[in-house]
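A note on names: the letters A, B, ... follow the listed sequences, proteins ahead of strands, and every chain is numbered from 1. What's counted below: heavy atoms across the whole structure, side chains too, no hydrogens, waters or symmetry copies.
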Protein chains: 2
Amino acid sequence: MMKTSKPARRPTMPPSKNSVTSNDVARLAEVSQSAVSRTFTPGASVSPETRERVMEAARKLGYRPNAIARTLSTRLSRMIAVVVSDLQNQFYPVVIERLSKQLQSNGYHVLLFITDTEDADELLVELMRYQVDGIVMASTQLSSGLAQQIAEARVPVVMFNRVSRAGSISTVSSDNHGGARAVAHYLADTGHRRVAYLAGAEDSSTNSDRERGLIDGLAERGLRIAARANGNYNFERAAQATLEMFTHGLESDRPDALFVASDHMAFAAIDTLRGALGLRVPEDVSVVGFDNVPQADWGAYRLTTVEQDVDSMIDATVRMLLQQLENDVVTRDHVTVATRLVVRGSARLPQPGTDGPQANRSPTKASRGEGAAASATAPATGDTQGPAPARRKSSR
Amino acid sequence: MMKTSKPARRPTMPPSKNSVTSNDVARLAEVSQSAVSRTFTPGASVSPETRERVMEAARKLGYRPNAIARTLSTRLSRMIAVVVSDLQNQFYPVVIERLSKQLQSNGYHVLLFITDTEDADELLVELMRYQVDGIVMASTQLSSGLAQQIAEARVPVVMFNRVSRAGSISTVSSDNHGGARAVAHYLADTGHRRVAYLAGAEDSSTNSDRERGLIDGLAERGLRIAARANGNYNFERAAQATLEMFTHGLESDRPDALFVASDHMAFAAIDTLRGALGLRVPEDVSVVGFDNVPQADWGAYRLTTVEQDVDSMIDATVRMLLQQLENDVVTRDHVTVATRLVVRGSARLPQPGTDGPQANRSPTKASRGEGAAASATAPATGDTQGPAPARRKSSR
DNA sequence: CTGAAAGCGCTAACAC
DNA sequence: GTGTTAGCGCTTTCAG
């Protein structure tokens, strides 16, 4: 393997990547460089003739404005940094896909950063060097120090799917507490008495809100969590944790329901329950997830889960970002998107005649599409959110 | 030092995002701007003292070199464009994750483009404006016209997981033909006689190579494809196609095996087979996929499939890119990565005593990780690839 | 090894 | 409307 060792830069400029410049166009069109700039600037005032000449010259030369140069002079890159960590969890690819498309259709570009570890700070600093116009954090928390730095740099940031402890940054998240609470009610109302919880990363706001929601919801039915283990939002760990949670102890103590902090972990839990533990789902134990990723609808799992309304979340995110960008201000808003319980087959269904939430029963129905997708909503469980799809709480 | 007598910044410049410039640092350190530039340029020659003073001044001011300005003057952005289309298919999130990390650790940044439709051309042009140093296409084909344009702009491109018709662009792909051929052999050797094929997008090289491989492999066993349908690499379409393929016709004509062009479609096929059609997998019909995405190992599917060696593919991709970037040349290489058959439970296993390929049977084994991953390779099926993990065929 | 000066390609006042 | 003229922040000759 050889290394680059020579700063061999000739007087001759290296054959430039995009050699044709606005200057070239200006000369061909016999106008000033400004005229060229203006015809390529949406709001500018150019006479139709000038524009025409410029366009033609540009076409002839195959001219494309250099976005980097423009960035240098306008300080606007039209690039948004998107930071994510866990693409294994299907929730995030879906998010990235929609977010990118939305941003693209608004004329922005996505600079993607994947980060496992907590080196997010270093990464963000690196990222700031690219003059991104905004940042969407869908991974880690920002250290408050860095959040500060970024705020000073006046770069809009929105935390996606986590609420910042500091509270000084805009956030978009689901009603995690309400969703989990609805699960608690649903499980209690369908006759479950020993509800276990398989937690996500302990330091994440999503996990603590979901756990809190479960606890509160159960309490409202006179119950409490029967068992708890941590799967750290990780597939293997979730499988392991499930195994441990269900092996020790008497059979009579065995949880009759398991609420899992993410679908991704729920699949691992179900596999373990059915495979290593030889239990039936939902006959022996009901499983409920969170997210409603595409796989939740797969025939072999038919996972009852809490849907995060990705579209609304993305819309809110983009809206918040654009609003800040357009007005050149940094605001701190918090949007909470309503969730809904999607009832499929992985949790025991309400008994006919019971006073539980109504649900269209589709036990093993394998047809997909509308039929299966039209799962029951559970608004009756007393969630706190109003009828509006998204609730906005602006501060400042 | 006082400020120089420059006509101090004109009217209201918007409060800059990263106000501290190399000039500020230079003044504080009482050196020239060049000195600052040099201390932040890896190969440059600066005396230790100068460097030290600069570093300290930089630290004091919180200086971070502006990557955009640097790009403008060096014409090197250290950004790589990555173009993908289908994040639903788990294969791509995995690719993106590894690719991004690799690129990041080599000091590059990823500009991500998601594109459904065939507007790839327009997109690419747009993308070129950002002066990306290279492009990884993991979605559509490039129109030959555009490929030409890009080549002229001297931007290295590598097509990931597709071979370009034009042949004028570097490509990295799996041995799709060999993998599919191995499947044909495996199915024939485990007693299947009516093998159906569920195709991916008709215009994709992956699909045609896989189909060809299946046909060739079956022919070598005196068989031919018994039925064929198109799922277009799409989940719903695959479910639909499976339904159609298995409903009409006599039961005796029903395929006893289904080779699916991607795991993603295979899950849909299995769901349909089991659900709507009430068939057992693999007792009534064996299913084999392609890709070996994480979900293939899930307990409810245990999909026998052809593994694409993502790591090797990514390594090759990054290597090809870097090599071109470092030497400032555009080459046209083709790397083909070997595949292997991963035997799980979705296809009937070889009968003990049969002369088929050996396979460690792990029918319902729920433990994951090494145990399950150490599935059987099928080198005995006469694949064309050598023992090396990746085969390189350089042209030009 | 160091500094001065001239750009990289584009935009943004400021006259005209 | 249009051209002129300064830069945006950094790198890179070219002298010293």
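Between the C1' atom of D:dC8 and the CG atom of B:Asn66 lies a distance of 9 Å, rounded to the nearest Å. Distance B:Glu52 CD to C:dC1 P: 16 Å, rounded to the nearest Å. In this structure, B:Arg70 places its CZ atom 19 Å from P of D:dC8, rounding to the nearest Å. As a whole-Å value, the separation of A:Arg78 CZ from C:dT11 P is 13 Å. Atom CD1 in B:Ile68 sits roughly 15 Å away from atom C1' in D:dT11 (whole-Å rounding). In this entry the distance linking CZ of B:Arg27 with P of C:dG3 reads 15 Å, nearest Å. As rounded to whole Å, 13 Å separates atom C1' of D:dC10 from atom OH of A:Tyr130. Rounded to whole Å, atom P of D:dC8 lies 9 Å from atom CG of A:Leu72.
Within the structure, salt bridge (Lys or Arg N to Asp or Glu O under 4.0 Å) pairs that include any residue of residues 28-38 of chain A comprise A:Glu30-A:Arg53 (at least two apart or interchain).
Taking for each of A:Ala69 and B:Pro48 the nucleotide of DNA chain C with the nearest heavy atom, the 5'-most of the two is the partner of B:Pro48.
Residues of residues 32-45 of chain A that place a heavy atom closer than 4.0 Å to DNA chain C, in numerical order, are A:Gln33, A:Ser34, A:Ser37, A:Arg38. A heavy atom closer than 4.0 Å to some atom of DNA chain C occurs in no member of residues 54-61 of chain B.
For B:Ser47, the side-chain contact (heavy atoms from CB on, under 4.5 Å) partners two or more places apart in sequence, or in a different chain, are B:Glu49, B:Thr50. Under the side-chain contact (heavy atoms from CB on, under 4.5 Å) criterion, B:Asp86 pairs with B:Gln88, B:Asn89, sequence neighbours left out. The side-chain hydrogen bond (donor to acceptor under 3.5 Å, both in side chains) check on B:Ser22 picks up B:Gln33, with sequence neighbours excluded. In this structure, A:Asn23 has no side-chain hydrogen bond (donor to acceptor under 3.5 Å, both in side chains) partners at least two apart in sequence or on a different chain. Evaluation of the salt bridge (charged side-chain N to carboxylate O under 4.0 Å, His left out) rule for B:Asp315 yields no partner, not counting sequence neighbours. Under the rule for a salt bridge (charged side-chain N to carboxylate O under 4.0 Å, His left out), B:Glu52 has no partner lying at least two apart in sequence or in another chain. For A:Asp311, the side-chain contact (heavy atoms from CB on, under 4.5 Å) partners are A:Arg98, A:Asp309, not counting sequence neighbours. By the side-chain contact (heavy atoms from CB on, under 4.5 Å) test, A:Leu322 pairs with A:Asn106, A:Tyr108, A:Val318, A:Leu325, A:Glu326, sequence neighbours left out.
Residue A:Thr50 is classed as a sugar-phosphate contact, given heavy-atom separations below 4.0 Å to backbone atoms only.
Each of C:dT2, C:dT11, D:dC10 was ranked by its minimum atom distance to the side chain of B:Ser47; first place goes to C:dT2.
For B:Asp133 and B:Ser77, the side-chain atoms include at least one donor-acceptor pair closer than 3.5 Å.
Side-chain N/O atoms of A:Arg75 include none lying less than 4.0 angstrom from OP1 or OP2 on D:dC8. Listed pair A:Tyr63 / C:dC10 meets the phosphate criterion, a side-chain N or O lying under 4.0 Å from OP1 or OP2.
Using the six-membered ring where Trp is involved, B:Tyr63 and B:Phe40 have ring planes that are perpendicular, over 60° apart on the 30 and 60° scheme.
Side-chain atoms of A:Thr331 do not come within 3.5 Å of backbone N or O of A:Asp333 as any donor-acceptor pair.
For the helix from C:dC1-D:dG16 to C:dC16-D:dG1, the terminal axes (five pairs an end, C1' atoms, rotation from four pairs onto the next four) enclose an angle of 30°, given to 10 degrees.
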